[in-house]
Amino acid sequence: MSGPRSVFALVDGNNFYVSCERLFNPRLEGVPVVVLSNNDGCAVARSNEAKALGIKMGEPWFELRELARRHPIQALSSNYTLYADLSARMMSILRQFAPRQEIYSIDEAFLDLSGQPGNLTDYGQAIRQRVSQWIGIPTCVGIGPTKTLAKLANHIAKKRPEWAGVCDLTAAAPSAVEALMARIAVAEVWGVGRRLAERLQAQGITTVLDLQRLDPGLARRRYSVNMERSVWELRGRPCLPLEPITPPRQNILCSRSFGRPVTTLADLRQAVVTYASRAAQKLRQQQGATRVVEVFIQSSRFRSPFYGPSVKVPLAAPSDDSRTLARAALQGLERIYRPGWSYVKAGVELQAIQPRDTGWTADLLAAPDTRSAPLMRTLDAINSRMGAGTLRLAGAGIDPAWAMNRGRLSPAYTTRLGELPQACAR
DNA sequence: TCTGGGGTCCTAGGACCC
DNA sequence: TCTGGGGTCCTAGGACCC
């Protein structure tokens with residue numbers, strides 16, 4: 001096993017998307033900035049100034065317009081190409097600070113600091129310093145004996161200025177850790193969301209310390225095995241290992257809200273072919289093959305009645321061919337489409353994914369398609385070189401009416417212009 | 001008028017079997 | 001009148017994460 005005592009660090013970028021945008025646009029400094037979700041729908045990242053105005057995570061932009069009239073709020077469409085590029089740079093810097101790293105999300109990584117000599121708070125400051133100097137992204141560092149405690153430490157480092165961006169719970173006295181836990185709401189624990197927080201509070205468990213003191217067996221019986229793990233982790237016993245290798249996805253989903261409502265089957269067919277192709281491309285990237293294609297369409301959830309059917313289409317044999325998956329998705333669409341509805345969203349999800357090339361029973365009734373693999377390789381190669389969407393299935397449509405709105409998009413500062421998917425189409 | 005996208009895991013309950 | 005019981009597998013739905 002690992003050393004005598006585990007130490008984890010969680011490093012994350014502060015207001016990551018906003019920080020990325022600010023790197024290339026100094027006018028965004030010192031003013032409230034929000035980055036909007038696809039279709040410019042909701043705020044998914046907020047600068048400190050925006051948070052100070054009371055803007056909540058996920059708040060719809062149209063509800064913020066009034067606020068924006070009274071304050072100079074800068075709202076930007078999300079530019080994932082830019083964020084992914086800066087994320088990769090940040091992760092490679094962090095990798096220099098630990099023998100093992102788990103990339104947990106676009107802006108967060110766990111580092112294994114077990115056995116790291118010296119003062120870990122100083123080490124955390126060195127990490128922040130280098131990321132800031134090399135790519136200009138501000139970060140916070142939380143350090144603890146378990147991942148859950150590292151997460152909690154990161155929360156403390158972020159919320160309380162006196163920690164100066166680094167909180168090392170392994171260096172704090174047990175009484176000091178308890179005092180901190182007693183002041184933090186149980187909802188801040190990693191794995192405790194809104195619903196569980198409500199249930200816990202109804203049982204009188206309102207702070208992190210209350211949860212830490214809950215009997216683990218009771219936590220399991222009354223809630224779940226995950227809640228029991230959270231209790232142990234808060235007590236300093238690791239239950240969640242560092243996972244340096246990202247396992248292949250078990251499901252691949254591609255879905256988007258439309259730029260405007262769609263009523264016709266023809267438009268939905270274009271969208272479904274587009275999403276199936278994108279999902280197939282991701283599937284090939286992980287050398288997978290799928291046996292089930294699920295397709296869904298939805299009317300607005302904010303209008304009654306709601307219509308949101310879905311259907312799973314099993315394949316005769318596992319496949320990674322865009323054409324096969326698109327055909328299956330279209331078959332499913334025909335079965336669930338009802339005229340007379342206004343659809344705002346569609347999606348294609350690949351399920352029952354398995355490794356390609358290993359142990360699947362070939363479809364005995366069909367002649368093997370020897371041209372599929374080279375064709376798909378060529379498709380992916382062209383799209384990788386010339387930009388996503390350069391080569392598409394005929395059914396996907398050209399400059400479709402339902403495409404996303406991204407009226408506030410910043411330029412692709414760090415990558416080729418051609419890799420900005422929507423900009424070319426306009 | 002406007003309300004994101006992409007994942008994972010767990011549990012409850014039904015189907016099925018002996 | 002009265003309707004086994006336990007194990008396993010699968011699926012749908014819920015809850016969580018960022």
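Spacing between atom CZ of A:Arg303 and atom P of B:dT3 amounts to 8 Å, rounded to whole angstrom units. Rounded to whole Å, atom C1' of B:dG6 lies 11 Å from atom OH of A:Tyr17. Atom CG in A:Leu10 sits roughly 14 Å away from atom P in C:dC17 (whole-Å rounding). In this structure, the CD atom of A:Glu63 is 12 Å from the P atom of B:dT1, given to the nearest Å. What separates CD of A:Gln351 from P of B:dG7 is a distance of 12 Å, to the nearest Å. Taking atom CD on A:Glu59 and atom C1' on B:dG4, their separation rounds to 15 Å, with Å as the unit. C:dA12 atom C1' lies 13 Å from atom CD of A:Glu349, rounded to whole Å.
Taking only side-chain atoms of A:Phe62, from C-beta outward, the nucleotide of C:dC18, B:dC10, B:dC2 with the closest atom is B:dC2. Checking B:dT3, C:dC16, B:dC2 against every side-chain atom of A:Leu196, the shortest atom distance belongs to C:dC16. When each of C:dA12, B:dG5, B:dG4 is scored by its nearest atom to the side-chain atoms of A:Lys312, the top-ranked nucleotide is C:dA12. The side chain of A:Lys282 has B:dG7 as its nearest neighbour among B:dG4, B:dG7, B:dC10. The side chain of A:Cys254 has B:dG6 as its nearest neighbour among C:dC18, B:dT3, B:dG6. The listed nucleotides are B:dT8, C:dC17, B:dG5; the one nearest the side chain of A:Asn251 is B:dT8. When each of B:dG7, B:dG4, C:dA15 is scored by its nearest atom to the side-chain atoms of A:Arg195, the top-ranked nucleotide is C:dA15.
Ranked by how close their nearest DNA chain B nucleotide is to the 5' end, A:Arg65 and A:Gln250 are led by A:Arg65. Summary of the strand contacts: A:Pro248 and A:Gly41 both lie near DNA chain B, and taking for each the nucleotide with the nearest heavy atom, the more 5' one is attributed to A:Gly41.
Open room surrounds CZ on A:Arg183; 12 or fewer heavy atoms of other groups in view lie less than 6.0 Å from it.
Ion pairing between a basic and an acidic side chain is recognised when a charged N comes within 4.0 Å of a carboxylate O; A:Arg284 and A:Asp320 show no such pairing. The pair A:Glu63-A:Lys56 does not meet the salt-bridge criterion, since no charged nitrogen lies less than 4.0 angstrom from a carboxylate oxygen.
Residue A:Ser78 places none of its side-chain N or O atoms closer than 4.0 Å to OP1 or OP2 of B:dG4. In this model, the phosphate group of B:dG4 is not approached by any side-chain N or O of A:Arg256 to a distance below 4.0 Å at OP1 or OP2. In this model, the phosphate group of B:dC2 is not approached by any side-chain N or O of A:Arg301 to a distance below 4.0 Å at OP1 or OP2. When the side-chain nitrogen and oxygen atoms of A:Lys151 are compared with OP1 and OP2 of C:dC17, none of them lie within a distance under 4.0 Å.
A:Trp190 and A:Phe110 have tilted rings, their planes meeting at an angle from 30° to 60° on a 0 to 90° scale.
Under the Watson-Crick and G-U wobble criteria, each requiring two contacts below 3.5 Å, nucleotide B:dC18 is paired to C:dG5.
Panel note: side chain A:Ser114, backbone A:Val7; a donor-acceptor pair is recorded below 3.5 Å.
At least one cation-pi condition fails for A:Arg160 and A:Trp163: the charged atom is not both under 6.0 angstrom from the six-membered ring centre and inside a 45 degree cone around its axis.
Interatomic distance, A:Ser300 OG to A:Phe306 CZ, rounded to the nearest 0.5 Å: 8.5 Å.
None of A:Thr170, A:Val166, A:Val141, A:Leu169 except one satisfies the side-chain contact (heavy atoms from CB on, under 4.5 Å) rule with A:Leu120; the exception is A:Thr170.
Nucleic acid contact class of A:Glu108 (heavy atoms, under 4.0 Å, all strands): sugar-phosphate only. Here A:Arg229 lies in heavy-atom contact (under 4.0 Å) with sugar-phosphate atoms only. Backbone-only engagement by A:Val189 is indicated by non-hydrogen atom pairs under 4.0 Å involving sugar-phosphate atoms exclusively. As judged by a 4.0 angstrom heavy-atom cut-off over every strand, A:Asn39 is placed among residues making no nucleic acid contact. Within 4.0 Å (heavy atoms only), A:Val344 reaches no atom of the nucleic acid at all. Heavy atoms of A:Leu36 sit nowhere under 4.0 angstrom from any nucleic acid atom.
Applying a 4.0 Å cut-off to non-hydrogen atoms, none of the residues of residues 200-228 of chain A approaches DNA chain C.
In this structure, the aromatic ring of A:Trp190 is not positioned over the six-membered ring of the base of C:dC17 within 5.5 Å between centres and 30° between planes.
If you take atom P in B:dT3 and the same atom in C:dC18, they sit 25 Å apart, rounded to whole Å.
Separation of the A:Tyr343 and A:Phe258 ring centroids does not fall under the 6.0 Å cut-off.
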